[in-house]
Amino acid sequence: LSVTPDEIRGKKLVDIGCGNGVLTSALVDFDLETYGIDVSPSIENAYENNKNENAQFIQGDLQNPPFQLETFDIVYSTGVIHHTNNTELSFSCITPLVKPKGRLYVWLYKPEKDLRHRLIVKVRKVTNKLPIWVQYIFYLVFLVPWGLLKEALRGKKLTWREQLINYFDVLSPEFRFEHTPEEVKIWYLKRNFSNLNITILEYLGFGIYGDKNG
């Protein structure tokens, strides 16, 4: 998000597609009032495990968010809207939640021009049509050990569960769209945002924010 603790103190943030809510709850430590929204049953665990009074969890559809317009100083969504039926449509549904002079941050997949990326695309055409339990066994037995070894060689430490979730995120969803930073910048500009900045540019993905004019 490229903000300091002083800049966000006392602000209101919504985590779009919060999943298990761990990050949403942790953000309260920065003196934020946080809200997590997710359409999946994981929101129930987020609610039950939440110990912070300033963190709230709501089950809802990001394309029809259950909030008033211009409610939040920060709208945050990482690795979520590209798994919906239309990424830009979902983007347009969450932008009205941002207050004037507020900030919108998203992390999205981007295309790559290499063999690994082409292989991912081909494998997905098979895996995302398999029953979940078959995917679980396939990823756990054949992909997770290789993934853990690869990350260890890079100096990164992941648990087997974290690596498994990574494979599910890439190979399982019905929708997995990819976009270039240049394309997404146009989305921001069309919706009255400026001060666009790419904060993360990595293999397969990027993070970008913009501030709403007000």
Side-chain angles (χ1 to χ4, degrees), residues 1-40 42-43 46-47 50 52-110 177-202 205-214:
L1 284 175
S2 295
V3 291
T4 66
D6 287 339
E7 289 175 323
I8 61 176
R9 184 169 291 114
K11 302 292 187 180
K12 186 180 292 188
L13 175 147
V14 61
D15 185 0
I16 304 291
C18 65
N20 60 18
V22 172
L23 175 62
T24 317
S25 294
L27 288 170
V28 172
D29 293 339
F30 293 94
D31 199 19
L32 278 165
E33 181 182 349
T34 66
Y35 292 77
I37 176 175
D38 204 293
V39 73
S40 74
S42 63
I43 198 72
Y47 174 79
N50 177 41
N52 294 305
E53 294 182 357
N54 286 334
Q56 306 295 329
F57 294 95
I58 301 168
Q59 188 167 37
D61 183 354
L62 67 85
Q63 291 186 347
N64 187 24
F67 302 107
Q68 292 184 347
L69 304 183
E70 299 183 349
T71 296
F72 298 98
D73 301 286
I74 302 171
V75 174
Y76 175 91
S77 182
T78 177
V80 176
I81 62 174
H82 53 217
H83 287 315
T84 63
N85 60 339
N86 185 311
T87 312
E88 186 177 3
L89 171 62
S90 296
F91 185 88
S92 70
C93 291
I94 64 176
T95 51
L97 301 178
V98 186
K99 292 180 179 179
K101 300 184 180 179
R103 179 162 293 183
L104 169 63
Y105 174 90
V106 295
W107 188 98
L108 301 172
Y109 283 128
K110 66 180 178 68
F177 296 110
E178 299 172 341
H179 306 278
T180 65
E182 293 73 23
E183 177 186 8
V184 177
K185 284 182 178 180
I186 294 173
W187 298 355
Y188 275 97
L189 295 173
K190 284 163 58 177
R191 293 166 178 84
N192 198 31
F193 283 77
S194 59
N195 188 32
L196 308 181
N197 283 279
I198 296 173
T199 60
I200 301 172
L201 188 62
E202 56 192 347
F206 66 99
I208 181 173
Y209 74 77
D211 294 332
K212 191 172 185 179
N213 295 324

Mind checking what makes ring-ring contact (aromatic ring centres under 6.0 Å, His included) contact with [X], not counting sequence neighbours?
X    : result
W107 : Y109
F57  : none
Y105 : Y76
Y209 : none

State, yes or no, whether a side-chain contact exists between D15 and L27 at a heavy-atom distance under 4.5 Å. no
Is any side-chain heavy atom of R103 closer than 4.5 Å to one of N195? yes
Does anything in residues 73-82 pair up under salt bridge (charged side-chain N to carboxylate O under 4.0 Å, His left out), and if so which pairs, sequence neighbours excluded? D73-K99
Listing request: all salt bridge (charged side-chain N to carboxylate O under 4.0 Å, His left out) pairs with a residue in residues 78-89, at least two apart in sequence or in separate chains. E88-K190, E88-R191
Please report the shortest heavy-atom distance between [X] and [Y], naming the atom on each side.
X    : Y    : value
D38  : G17  : OD2-C, 3.2 Å
G210 : L196 : CA-CD2, 3.6 Å
S25  : N52  : O-ND2, 3.2 Å

Assess whether side chain to side chain contact (heavy atoms under 4.5 Å, CB included) is satisfied between T24 and N50, documenting all intermediate values. CA-CA 9 Å; T24 317; N50 177 41; over 6 Å; no
Applying side chain to side chain contact (heavy atoms under 4.5 Å, CB included), run through I16 and L97 and close with a yes or a no. CA-CA 11 Å; I16 304 291; L97 301 178; 4.3 Å; yes
Of all pairs that satisfy ring pair (Phe, Tyr, Trp, His ring centres under 6.0 Å), the ones with a partner from residues 19-38, not counting sequence neighbours: Y35-F72
Run the side chain to side chain contact (heavy atoms under 4.5 Å, CB included) check on I198 and I208 step by step: do they pass? CA-CA 4 Å; I198 296 173; I208 181 173; 4.3 Å; yes
Excluding sequence neighbours, so at least two apart, what forms side chain to side chain donor-acceptor pair (under 3.5 Å) with Q63? N85, S90
Those residues that, when tested against H179, pass side chain to side chain donor-acceptor pair (under 3.5 Å) (two or more places apart): T87, E183
Only counting residues at least two apart or in another chain, list the ones meeting side-chain contact (heavy atoms from CB on, under 4.5 Å) with T4. D6, E7
The criterion is salt bridge (charged side-chain N to carboxylate O under 4.0 Å, His left out); which residues satisfy it with K110, sequence neighbours excluded? E112
Set of salt bridge (charged side-chain N to carboxylate O under 4.0 Å, His left out) partners for E70, sequence neighbours left out: K212
Keeping the roles fixed (side chain from Y188, backbone from L104), state whether a donor-acceptor pair exists under 3.5 Å. yes
Tell me, with the steps shown, if L108 and I81 meet side chain to side chain contact (heavy atoms under 4.5 Å, CB included). CA-CA 8 Å; L108 301 172; I81 62 174; 3.5 Å; yes
Taking CD in E202 as the centre, count heavy atoms belonging to other residues, nucleotides or ligands within less than 6.0 Å. Is the count above 12? yes
